[in-house]
Amino acid sequence: MRGLGGPVGIALSGSGSALPRLSVSNDDLSGWLDTSDSWIRSRTGIAARRIAAGDETLTVLATRASRQALEAAGWTPLQLELILLATSSPDDLFGTAPQIQAALGADNAVAFDLTAACSGFLFALITAAQYIRTGCYRRVLVVGVDLLSRWVDWHDRSIAVLFGDAAAAVTLETCDSDRDGLLAFAMRTDGARNGCLTLPLTPSEQCPRQGISIQQGSYGSIRMNGQEVYKFAVREVPAILAEVLDQAGVDAASLDWLLLHQANQRILDAAAQRFGIPAEKVLSNLAHYGNTSAATIPLMLHEAVAAGRIRPGHLIASSGFGAGLSWGAALLRWGGRQPG
Ligand code: COA
């Protein structure tokens, strides 16, 4: 670690993604659930989702996405100084980032996990940015990956239709302050509403000997009050986006893109409408992947960069929200090179 210097700029310089092979359509789901393609599409905008196979672990997918991001940034793994892994479905409860560090051969990087469910990527990006801003690290990889298929009750139609698996990564590096890529941000938590969306430990008691009671347990499946989460998102996302735009003194008409956590197309539409942002500026890939939790924002970012839609200098308002309850927003400027 270097000593603290003056504030420096943060460039979002490269991106990558990795998707499981298996795509499961709404019609596939209606093979065993009492649901239909038209219900799922009209209520959520989702048409299909990817589901990871046994050989597609969180580490495998995250490492693939990370390699692609490093390549896009033009870095070798040994140049990395920090890997921040946003996930709520780790391969190892003690942390999965170290396995990704080893798989990449990023021997000089410290690597750790950050858990904030669907807000995880945005929270990790903002956290990583602080290390760069203060001069601690110059090259950081932020990975958003979740395999929520591990924790979905596949016989609960109110949950199973929503989620999918994916990994994506973004590189952040030091740059001149006039090219800064993080123009404003805000983060919020409301733990009093934690029960709206949880994946709690189900306790079980072990008594190996009389008088000794050990509290153990295991994780079951995601529990959600869909309507409460929907109302929360529609209320809080526009409010926090307005706050970051105000912080930066930027009006909505100057935005190139609105990049929201991909949970429900109706939430994306409501937020865009509130700001008068035309539909063509609202990034959405929800139809293909569903809600991939910490992966949605970097996955959408990567696809838009690869397609030449997001270009260097573009201004992007982003918001993540979900379990916690937690939510956040950032005003970003893409600083990567044009692909190809
Ligand atoms: N297929 C068919 N019917 C379904 C269904 C499915 N997959 N899931 C629920 N239903 C039924 C319900 O049983 C209910 O039936 P009833 O009226 O006979 O009781 C009816 O559809 C309406 O259910 P409701 O929960 O009111 O639907 P909704 O319009 O609120 O949509 C969600 C449900 C989950 C799509 C919506 O609440 C939502 O998207 N919430 C946010 C969830 C989210 O994004 N979570 C992650 C945040 S990071």
Side-chain angles (χ1 to χ4, degrees), residues 24-49 86-89 115-124 144-166 168 187-191 193-200 221-238 240-241 259-272 282 284-287 289-300 318-329:
V24 174
S25 70
N26 293 343
D27 285 335
D28 290 331
L29 288 184
S30 58
W32 75 86
L33 287 172
D34 180 15
T35 190
S36 64
D37 179 55
S38 68
W39 191 96
I40 303 169
R41 276 182 201 261
S42 63
R43 300 291 178 112
T44 70
I46 300 166
R49 69 285 298 144
T87 190
S88 303
S89 44
T115 301
C118 298
S119 308
F121 176 79
L122 209 68
F123 281 19
V145 52
D146 266 310
L147 308 188
L148 287 189
S149 64
R150 290 171 165 175
W151 303 112
V152 163
D153 175 352
W154 286 100
H155 292 282
D156 179 349
R157 67 179 183 173
S158 67
I159 300 279
V161 302
L162 301 175
F163 296 101
D165 302 336
M187 297 190 284
R188 295 275 189 284
T189 300
D190 181 0
R193 287 190 281 172
N194 181 259
C196 291
L197 182 50
T198 56
L199 178 43
S221 49
I222 296 168
R223 295 184 203 160
M224 182 180 72
N225 181 333
Q227 288 188 356
E228 281 305 312
V229 174
Y230 185 88
K231 282 190 271 178
F232 145 74
V234 167
R235 188 171 51 244
E236 302 295 358
V237 170
I240 202 161
L241 281 168
L259 170 51
L260 305 185
H261 169 53
Q262 311 274 303
N264 186 316
Q265 188 62 42
R266 286 153 60 207
I267 297 173
L268 304 190
D269 295 343
V282 181
S284 175
N285 59 8
L286 194 61
Y289 311 122
N291 179 347
T292 59
S293 188
T296 65
I297 291 175
L299 176 62
M300 185 66 256
S318 185
S319 176
F321 55 89
L325 295 178
S326 62
W327 65 107

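Below, each value reflects all heavy atoms present in this structure, side chains not excepted, and no hydrogens, waters or symmetry copies. Both counts, for ligands and for their atoms, begin at 1 and track the order of listing. None of the values given here were measured: they were computed from a predicted structure.
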Using protein heavy atoms only, decide if any is under 4.0 Å from [atom].
{"atom": "atom 26 (O) of ligand 1", "answer": "yes"}
{"atom": "atom 17 (O) of ligand 1", "answer": "no"}
{"atom": "atom 4 (C) of ligand 1", "answer": "yes"}

Considering only protein heavy atoms, which is closest to [atom], and at what distance to one decimal place?
{"atom": "atom 47 (C) of ligand 1", "value": "V229 CG1, 3.6 Å"}
{"atom": "atom 45 (N) of ligand 1", "value": "M224 SD, 3.2 Å"}
{"atom": "atom 40 (N) of ligand 1", "value": "G226 O, 2.9 Å"}
{"atom": "atom 35 (C) of ligand 1", "value": "T44 CG2, 3.7 Å"}
{"atom": "atom 11 (C) of ligand 1", "value": "R157 NH2, 3.5 Å"}
{"atom": "atom 28 (P) of ligand 1", "value": "R43 NH1, 3.6 Å"}
{"atom": "atom 38 (C) of ligand 1", "value": "N264 ND2, 3.8 Å"}
{"atom": "atom 30 (O) of ligand 1", "value": "Q227 CG, 3.5 Å"}

Donor-acceptor pair, distance only, cut-off 3.5 Å: does the side chain of [X] make one with the backbone of [Y]?
{"X": "Q265", "Y": "L286", "answer": "no"}
{"X": "W39", "Y": "D34", "answer": "no"}
{"X": "D37", "Y": "D27", "answer": "no"}
{"X": "T44", "Y": "R41", "answer": "no"}
{"X": "N194", "Y": "G324", "answer": "yes"}

Exercise. Could you tell me which non-hydrogen atom of I222 sits nearest to which non-hydrogen atom of L197, and how far apart they are?
Key: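 Shortest heavy-atom separation between I222 and L197 comes out as CG2-CD1, 3.9 Å.
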
| query | Rounded to the nearest 0.5 Å, how far does CD of Q262 lie from SG of C118? | reply |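 Going from SG on C118 over to CD on Q262, the span is 11.5 Å.
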
Checklist entry - What part of N291, side chain, backbone, both or neither, has a heavy atom within less than 4.0 angstrom of ligand 1? => result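 Only the side chain of N291 comes within reach of ligand 1.
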
With backbone taken as N, CA, C and O and side chain as the heavy atoms from C-beta onward, which portion of T35 lies under 4.0 Å from ligand 1: side chain, backbone, both, or neither?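 Both backbone and side chain.
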
Side-chain contact test, heavy atoms from C-beta onward, threshold under 4.5 Å: evaluate it for [X] versus [Y] and give yes or no.
{"X": "D190", "Y": "W327", "answer": "yes"}
{"X": "N291", "Y": "T296", "answer": "yes"}
{"X": "R43", "Y": "N264", "answer": "no"}

[X]: numbered ligand 1 atoms lying under 4.0 Å from its heavy atoms:
{"X": "H261", "answer": "48 (S)"}
{"X": "V161", "answer": "7 (N)"}
{"X": "C118", "answer": "48 (S)"}
{"X": "A263", "answer": "44 (O)"}
{"X": "G322", "answer": "48 (S)"}
{"X": "S158", "answer": "8 (N)"}

Between S221 and D153, do the side chains contain a donor N or O and an acceptor N or O under 3.5 Å apart?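 Judged by distance alone, the side chains do not pair up.
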
task = Closest by any non-hydrogen atom to atom 33 (C) of ligand 1: pick that one out of Y230, F321, W39.
result =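 The option holding the nearest heavy atom is W39.
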
Please check if atom CZ in R223 has more than 12 non-hydrogen atoms from other residues, nucleotides or ligands closer than 6.0 Å.
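No, CZ of R223 has 12 or fewer neighbouring heavy atoms, counting only those of other groups under 6.0 Å.
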
